[in-house]
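Working notes for the structure below.
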Amino acid sequence: MLELKKDDFLKSFILKVSKFMETPYFALLLCFLEVLCYYLSLDLFIIITVSFFISFGFLFKKNLNCLLVIFLFMASMISLKNSPANIDMNSNNTFFFEPSSYITCFIAVAIPVLIVLARAIQNFILGKISFGWTSFSTILLGVIFLFNGAFSNSYNNLNFLFGLFMLFFFTIFYFSVYPDVSINKESIVFISRQVGFYILVPAIEMFIYYIRYFVDGNIITSRLDIFLGWGNRNTIGLLFVICFCFLIYMARCEKNIYFKVYSYILCFLVFVGIMMSFSRQTYLFFWLLISSYFLISAIKGNKATKLRYLILLGLWILCSFGSLLALSCFGVLDMLEMKVFGVERITLLKEAFDAFVANPIFGSGFYFVGSDPVVQLDAILPYFCHNTLLEMLGACGILGLLSYGFYRFNTIKEIFKNFCIEKVPVIMALSIIILMSLFDIHIFDLMGSAIYIVLLSMAVSKKENAVIVEENY
């Protein structure tokens, strides 16, 4: 973080922007810009805008709590028209491969990366990073990522580059964030309010997607039909559930009557959005989230609230099974292909284990060749098996799985060590992304990794980590 001189003519502007980023209206502005850019296909503009705020935050802000909402926006900034994903089969999906586009994107990514690296180095120099077991296991995991597929027949330069990418997020990015985030009664309210405005982005885009889909005379016959430019059904569902964790906290603890009413409305809209995502893993973990919320509230409450939450839990379970029966009558369950693991997913898991057997120590790397026809030999993205544990085993071998287990044990221990009641929505959201990654690739992709690290940093943060200097709570 740069210190401003008293005679710096930019000081007033920088302080105003810094304070603005700590208000819900910052999220509302980004929401407006992102929805506008999504439908006008102004992808480069929103990418540059998000890049600016990320760079500004790491350069000038002492407290980085606003990063969560910024990276949520980053996860949903690609338009359907310009999406590089082949799944939407549009005629303009080469947009990001044009020289002007990828040069702009490279610069928009490179600048924040260098600033993050500088802030991590500054944190080390200033002694803001404690070298305990959590830090050691984090560095160890990052080093193991670099050695993914070492000495295997399928190793190539992409293995090293992706290992460097994972090293950056799991170590450098983490060390640049966690010393300067803090969760308390004031900050969790501000974070929840910002998330409350962000969630309008996927909600609006999802509802308009359905409206346009039906207006065009189409009928959704498969869960594969659900796709926005920035993600498919599982990514959409993940963002909905993460935001729901903060919305239920806001609905329960918000003192401002307007935000409280707003949070109840959003909870309903997010519930509808989750149902519309047709994501099986989202359904499962959302059901577990609500069930756990009612159960824990019943256990911790007094006699009156115990009975109330037990009744709500019972009604929730009855309604859930009643809904399953109703949906089965209309053939919706057939569309969802309600299986714990489909044939394709089982194949991916077997291939990850075979990759481990081929090179047990360091694995076969993230770019081992599997049977998925979508993944080509020259693909930029790795071949994921959609399970964190088997991904680590197949890509990084037994060393990868052991280092990940050691890392996860220490992070969980650190979370309990620094636990406070205000961290509950953060820990719930973090648990969701970790558990859903047992069925998908969330913590291994660019957007999911960033959100995961910010949530983890908040969950393990100490109260004395960051002094909030922006006086606008």
Side-chain angles (χ1 to χ4, degrees), residues 1-4 10 14 17-18 21 47-75 77 102-132 134-148 157-182 366 380-382 403 407 411 443-462 465-466:
M1 185 198 68
L2 295 180
E3 294 290 342
L4 297 175
L10 290 177
I14 290 173
V17 174
S18 181
M21 290 174 67
I47 288 172
I48 293 171
T49 301
V50 171
S51 174
F52 166 78
F53 282 116
I54 292 173
S55 302
F56 183 95
F58 279 105
L59 270 176
F60 299 113
K61 292 187 65 57
K62 291 185 178 180
N63 186 280
L64 298 176
N65 286 337
C66 62
L67 282 182
L68 177 60
V69 75
I70 295 176
F71 282 106
L72 286 171
F73 278 109
M74 190 180 77
M77 62 186 179
Y102 64 69
I103 290 174
T104 302
C105 291
F106 176 79
I107 295 173
V109 171
I111 292 175
V113 165
L114 292 176
I115 294 173
V116 167
L117 178 61
R119 181 141 181 166
I121 294 173
Q122 183 187 50
N123 287 341
F124 274 107
I125 294 174
L126 296 178
K128 297 171 71 174
I129 298 172
S130 58
F131 286 94
T134 303
S135 296
F136 173 74
S137 61
T138 300
I139 295 172
L140 176 64
L141 181 64
V143 172
I144 293 297
F145 277 132
L146 278 181
F147 284 91
N148 75 93
N157 292 334
L158 288 176
N159 287 84
F160 176 77
L161 289 176
F162 190 76
L164 199 61
F165 162 78
M166 297 303 294
L167 170 68
F168 172 80
F169 270 105
F170 276 74
T171 57
I172 297 173
F173 184 69
Y174 171 74
F175 288 133
S176 69
V177 175
Y178 102 85
D180 296 313
V181 292
S182 60
F366 287 101
I380 297 175
L381 295 177
S403 63
Y407 163 81
T411 52
I443 67 171
F444 290 110
D445 66 33
L446 171 63
M447 313 306 180
S449 297
I451 295 170
Y452 161 75
I453 293 299
V454 174
L455 288 171
L456 176 65
S457 300
M458 290 178 170
V460 302
S461 66
K462 301 175 183 178
N465 264 9

- Check against side chain to side chain contact (heavy atoms under 4.5 Å, CB included), Met458 and Val177: CA-CA 9 Å; Met458 290 178 170; Val177 175; over 6 Å; no

- Query: Atom CD1 of Ile14 and atom CZ of Phe60: how far apart are they, to the nearest 0.5 Å?
  - Reply: 4.0 Å

- Item | Euclidean distance, Leu67 CG relative to Ser176 OG, rounded to 0.5 Å | 8.0 Å

- Query: So, for Ser130 and Ser135, which heavy atoms are closest and what is the spacing to 0.1 Å?
  - Reply: O-OG, 2.6 Å

- How about Phe58 and Leu64: do any of their side-chain heavy atoms sit closer than 4.5 Å? yes

- Return yes if some donor-acceptor pair links the side-chain N/O of Asn123 with the main-chain N/O of Lys128 below 3.5 Å, else return no. no

- Note on the structure: Nearest heavy-atom approach of Ile129 to Pro179 is CG1-CG, 4.0 Å

- Just say parallel, tilted or perpendicular for the rings of Phe444 and Phe145, cut-offs at 30° and 60°. perpendicular

- Message: Can you confirm whether more than 12 heavy atoms, excluding those of Phe160, are under 6.0 Å from its CZ atom?
- Response: no

- Message: Measuring from atom CZ of Phe175 to atom CD of Gln122, what distance do you get when rounded to the nearest 0.5 angstrom?
- Response: 15.5 Å

- Note on the structure: Here the gap from Ile115 atom CD1 to Leu59 atom CG, rounded to the nearest 0.5 Å, amounts to 4.0 Å

- Please say whether more than 12 non-hydrogen atoms of neighbouring residues, nucleotides or ligands are located less than 6.0 Å from CZ in Phe147. no

- Can you say whether the rings of Tyr178 and Tyr174 are parallel (under 30°), tilted (30 to 60°) or perpendicular (over 60°)? parallel

- The reported gap from CD1 in Ile47 to OG1 in Thr104 (rounded to nearest 0.5 angstrom) is 8.5 Å

- Message: Taking the side chain as everything from C-beta on, heavy atoms only, tell me whether Phe366 gets closer than 4.5 Å to Leu158.
- Response: no

- Query: In this structure, are over 12 heavy atoms from other groups packed under 6.0 Å from Phe106 atom CZ?
  - Reply: no

- Query: Does Ile54 reach the side chain of Met74, with side-chain heavy atoms less than 4.5 Å apart?
  - Reply: yes

- Task: Kindly determine whether Tyr452 and Phe71 satisfy side chain to side chain contact (heavy atoms under 4.5 Å, CB included), including the steps that lead there.
- Result: CA-CA 10 Å; Tyr452 161 75; Phe71 282 106; over 6 Å; no

- Message: With heavy-atom distances below 4.5 Å as the criterion, would you say the side chains of Ser182 and Asn65 are in contact?
- Response: yes

- If you take all heavy atoms of Val460 and Thr411, which pair is closest and at what distance? CG1-O, 4.0 Å

- Query: To the nearest 0.5 Å, what is the distance between CG (Leu146) and OG1 (Thr171)?
  - Reply: 8.5 Å

- Do Ser137 side-chain atoms and Thr134 backbone N/O form a donor-acceptor pair below 3.5 Å? yes

- For side chain to side chain contact (heavy atoms under 4.5 Å, CB included), just list the numbers for Phe169 and Ile443, CA-CA rounded to whole Å, side-chain angles, deciding distance to a tenth of an Å, and then say yes or no. CA-CA 10 Å; Phe169 270 105; Ile443 67 171; over 6 Å; no

- Item | Minimum-distance pair of heavy atoms, taken over all atoms of Ala108 and Ser51 | O-OG, 2.6 Å

- Task: Just say parallel, tilted or perpendicular for the rings of Phe168 and Phe173, cut-offs at 30° and 60°.
- Result: tilted

- Salt-bridged, Lys61 to Asp180, with N to O below 4.0 Å? no

- Message: Using side chain to side chain contact (heavy atoms under 4.5 Å, CB included), reason through Val17 and Phe56 one step at a time and then give a plain yes or no.
- Response: CA-CA 9 Å; Val17 174; Phe56 183 95; 3.6 Å; yes

